[in-house]
Amino acid sequence: MGREPLQLGAREALVTCVACHPRQAVVAAGYQDGTIQLLGFEDAEEGPLRDGSDDPVSALAWDQAGTRLAFGTEAGAGGIVELAAS
């Protein structure tokens with residue numbers, strides 16, 4: 001309240017889904033162009049996790065430890081991005 005809204009991951013492509021990390025102040029954002037980025041709430045830092053493929057991201061989910069991010073696309077592709085434990 002009384003503050004400007006926080007804007008993360010400003011890109012031309014629309015965000016199609018998000019998944020908040022289970023232990024850290026970051027969120028994974030999937031975009032209409034197939035890109036997936038890791039975005040920090042505190043520092044607004046961006047980290048690419050997957051390059052665009054023109055296949056919109058339709059699902060994102062973290063494992064309980066927050067070291068793996070599963071994704072799916074509208075065309076049925078999917079995968080897991082492994083991150084270093086922190």
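Counting heavy atoms from C-beta outward, I36 and Y31 have side chains that stay 4.5 Å or more apart. Between L69 and L49 there is a side-chain heavy-atom pair separated by less than 4.5 Å. For the pair D63 and I80, the minimum side-chain heavy-atom distance is 4.5 Å or more.
Closest approach of D55 to A77, counting heavy atoms only: OD2-CB, 4.2 Å. Here the shortest heavy-atom pairing between C17 and A59 reads SG-N, 3.8 Å. Of all heavy-atom pairs spanning L39 and A29, the tightest one is CD1-CB, 3.8 Å. Residues A65 and P22 come closest through the heavy atom pair C-CG, 4.4 Å.
A side-chain donor from one of D33 and T35 sits under 3.5 Å from a side-chain acceptor of the other.
With T16 contributing its side chain and G30 its backbone, the two residues share a donor-acceptor pair below 3.5 Å. At distances below 3.5 Å, at least one donor-acceptor pair connects side-chain atoms of R50 with backbone N or O atoms of G34. Using a distance-only test at 3.5 Å, with no hydrogens or angles considered, no donor-acceptor pair links the side chain of H21 to the main chain of A28.
Rounding to the nearest 0.5 Å gives a distance of 8.0 Å between CD of Q24 and CH2 of W62. Here CD of E74 is found 12.0 Å from CG of D54. Values are rounded to the nearest 0.5 Å.
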Given the rule in the side chain to side chain contact (heavy atoms under 4.5 Å, CB included) test, do V26 and F41 qualify, once you have shown the distances and angles that lead to the verdict?
-> CA-CA 6 Å; V26 296; F41 286 115; 5.5 Å; no
